[in-house]
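This report refers to the structure that appears directly beneath it.
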Amino acid sequence: MQKTCLPRSFYARDTLDVARDLIGKVLVRVGPEGRVAGRVVEVEAYIGQDDPACHAARGRTARNAVMFGPPGFSYVYFIYGMYFCLNVVTEREGFAAAVLIRAAEPTEGESIMRRRSPKLQPARLLSGPGRLCRSMAITREHNGLDLRGDALYFEDHSAEPSRVVQTPRIGIRQGRRRLWRFCDPDSKALSRPVSTISKTGE
DNA sequence: AACACGATCTACT
DNA sequence: GTAGATCGTGTTG
């Protein structure tokens with residue numbers, strides 16, 4: 001049963017639409033130890049120069065260069081001296097925007113991920129951007145990858161969430177007014193529970 | 001060349 | 001709840 005990865009056109013859209021539509025998609029990582037995957041349940045949008053929390057808010061640098069590139073590529077950065085975070089680049093080339101993948105529910109390769117994060121409960125293996133990258137062995141080597149390649153991509157399993165809620169983004173100091181964190185509130189794998197905020201969808 | 005800090009997580013009180 | 005880990009990056013001198 002071979003599923004196909006999301007096409008370039010999926011990412012070449014308004015970032016908030018891409019973020020919303022990524023909930024329920026399946027992130028697949030094929031590494032030397034095998035194939036691992038998870039159903040995405042939490043993401044955040046970071047959009048261009050007008051978003052003070054976006055890494056590209058102050059223009060192009062060596063680190064954020066891939067955000068200015070074409071959509072459908074990975075943007076992986078190193079944070080707090082020990083963690084990596086995975087984003088997908090959106091919108092047109094030249095416009096810096098991306099969606100941070102914050103949490104997913106393990107669907108494949110759980111034993112491989114448990115070896116990488118032995119202290120975590122199974123439901124927490126991909127619960128948080130740092131834990132997700134550690135359990136999926138995503139590092140700086142995966143920055144700038146084409147998400148239609150063999151190592152890292154998203155599949156559509158038609159597992160649409162029944163609800164999606166929007167909340168403020170986590171861990172930022174500026175831009176908290178924007179409700180650009182998207183979650184499946186029925187998931188037990190969220191990095192943090194959904195506080196009572198506004199909703200979108202059904 | 002030096003410095004402050006970050007889209008985090010864990011352990012501990 | 002709060003502190004500590006740990007280092008690349010961007011900014012300042």
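Throughout, protein chains are lettered first and strands after them, A, B, ... in sequence-line order, and every chain is numbered starting at 1. Note that the structure is a prediction, hence the values are computed from the model and not measured.
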Original post:
Checking all strands, does A:Gly130 fall into the base, sugar-phosphate, or nothing category for heavy-atom contacts under 4.0 angstrom?
Top reply: sugar-phosphate
Subject >> Presence of A:Arg131 side-chain N/O under 4.0 Å of B:dT10 phosphate oxygens OP1/OP2 >> reply: yes
Subject >> A:Ser187/A:Glu105 under side chain to side chain donor-acceptor pair (under 3.5 Å): CA gap, chis, key distance, verdict >> reply: CA-CA 8 Å; A:Ser187 173; A:Glu105 296 172 348; 2.6 Å; yes
**OP:** Return yes when atom CZ of A:Arg192 has more than 12 non-hydrogen atoms of other residues, nucleotides or ligands closer than 6.0 Å, and no otherwise.
**Re:** no
Original post:
Which whole-number value in Å describes the distance from A:Met67 CE to C:dG10 P?
Top reply: 12 Å
**OP:** Enumerate the residue pairs fulfilling salt bridge (Lys or Arg N to Asp or Glu O under 4.0 Å) with a member in residues 133-149 of chain A, sequence neighbours excluded, ordered by first and then second residue.
**Re:** A:Arg8-A:Asp146, A:Asp146-A:Arg148
**OP:** Using atom CZ of A:Arg169 as one end and atom C1' of B:dT8 as the other, report the distance to the nearest whole Å.
**Re:** 17 Å
**OP:** Could you pick out which residue, A:Arg140 or A:Arg58, lies toward the 5' side of DNA chain C when each is mapped onto its nearest nucleotide?
**Re:** A:Arg140
Original post:
Rounded to the Å, how far apart are A:Ile79 CD1 and B:dA4 C1'?
Top reply: 13 Å
Subject >> Base B:dA7 paired with A:Tyr77 side chain (donor-acceptor, <3.5 Å) >> reply: yes
**OP:** Describe the nucleic acid contact of A:Tyr83 in one word from base, sugar-phosphate, nothing, applying a heavy-atom distance below 4.0 Å.
**Re:** base
**OP:** Measure from CD on A:Glu42 to P on B:dA7 and round the result to the nearest Å.
**Re:** 16 Å
Original post:
Is a side-chain N or O of A:Arg181 found less than 3.5 angstrom from the main chain of A:Ile170, in a donor-acceptor match?
Top reply: no
**OP:** Could I get the full list of side-chain contact (heavy atoms from CB on, under 4.5 Å) partners for A:Ala45, not counting sequence neighbours?
**Re:** A:Thr15, A:Leu16, A:Ala19, A:Ile47, A:Trp180
**OP:** Check every atom of B:dC9, B:dA7, C:dT6 against the side chain of A:Arg134 and return the nucleotide holding the closest atom.
**Re:** B:dC9
Original post:
If the P atom of B:dA2 is compared with that of C:dT6, how far apart are they to the nearest Å?
Top reply: 22 Å
Original post:
Any side-chain N or O of A:Arg173 less than 4.0 Å from the OP1 or OP2 oxygen of B:dA7?
Top reply: no
**OP:** Report the distance from atom CD of A:Gln121 to atom C1' of B:dC9, rounded to the nearest whole Å.
**Re:** 16 Å
**OP:** In whole angstrom, give me the gap between the C1' atoms of C:dA3 and B:dC5.
**Re:** 16 Å
Subject >> Per A:Arg63 side chain, nearest of listed nucleotides B:dT10, C:dT9, C:dA5 >> reply: C:dT9
**OP:** Mind calculating the distance between NE2 (A:His55) and C1' (B:dT8) to the nearest angstrom?
**Re:** 12 Å
Original post:
For A:Phe78 and C:dG8, do the ring centres fall under 5.5 Å apart while the planes stay under 30° apart?
Top reply: no
Subject >> For atom OH of A:Tyr46 and atom C1' of B:dG6, their distance in whole Å >> reply: 11 Å
Original post:
So which nucleotide from B:dT10, C:dC7, B:dA7 ends up closest to the side chain of A:Ile172?
Top reply: B:dA7
Original post:
When Watson-Crick pairs (N1 to N3 and N6-O4 or O6-N4) and G-U wobble pairs (N1-O2 and O6-N3) count only below 3.5 Å on both distances, what is the dot-bracket string of DNA chain B, with | for other-strand pairs?
Top reply: ||||||.|||||.
Original post:
Any idea how A:Phe78 and A:Phe84 line up, ring-wise: parallel (<30°), tilted (30 to 60°), or perpendicular (>60°)?
Top reply: tilted
Subject >> Residue met sooner reading DNA chain B from 5', once A:Lys119 and A:Ala98 are mapped to nucleotides >> reply: A:Ala98
**OP:** Indicate, with a heavy-atom threshold strictly under 4.0 Å, whether A:Leu86 touches base, sugar-phosphate, or nothing.
**Re:** nothing
Original post:
In whole angstrom, what separates A:Leu190's CG from B:dT8's P?
Top reply: 15 Å
Subject >> A:Asp184: which of A:Arg39, A:Arg163, A:Arg102 passes salt bridge (Lys or Arg N to Asp or Glu O under 4.0 Å) >> reply: A:Arg39
**OP:** Look only at the side chain of A:Arg29 and the backbone of A:Met136, and say whether a donor-acceptor pair between them is shorter than 3.5 Å.
**Re:** yes
Subject >> Closest-nucleotide ordering on DNA chain C, the 5'-leading residue of A:Met82 and A:Ala62 >> reply: A:Met82
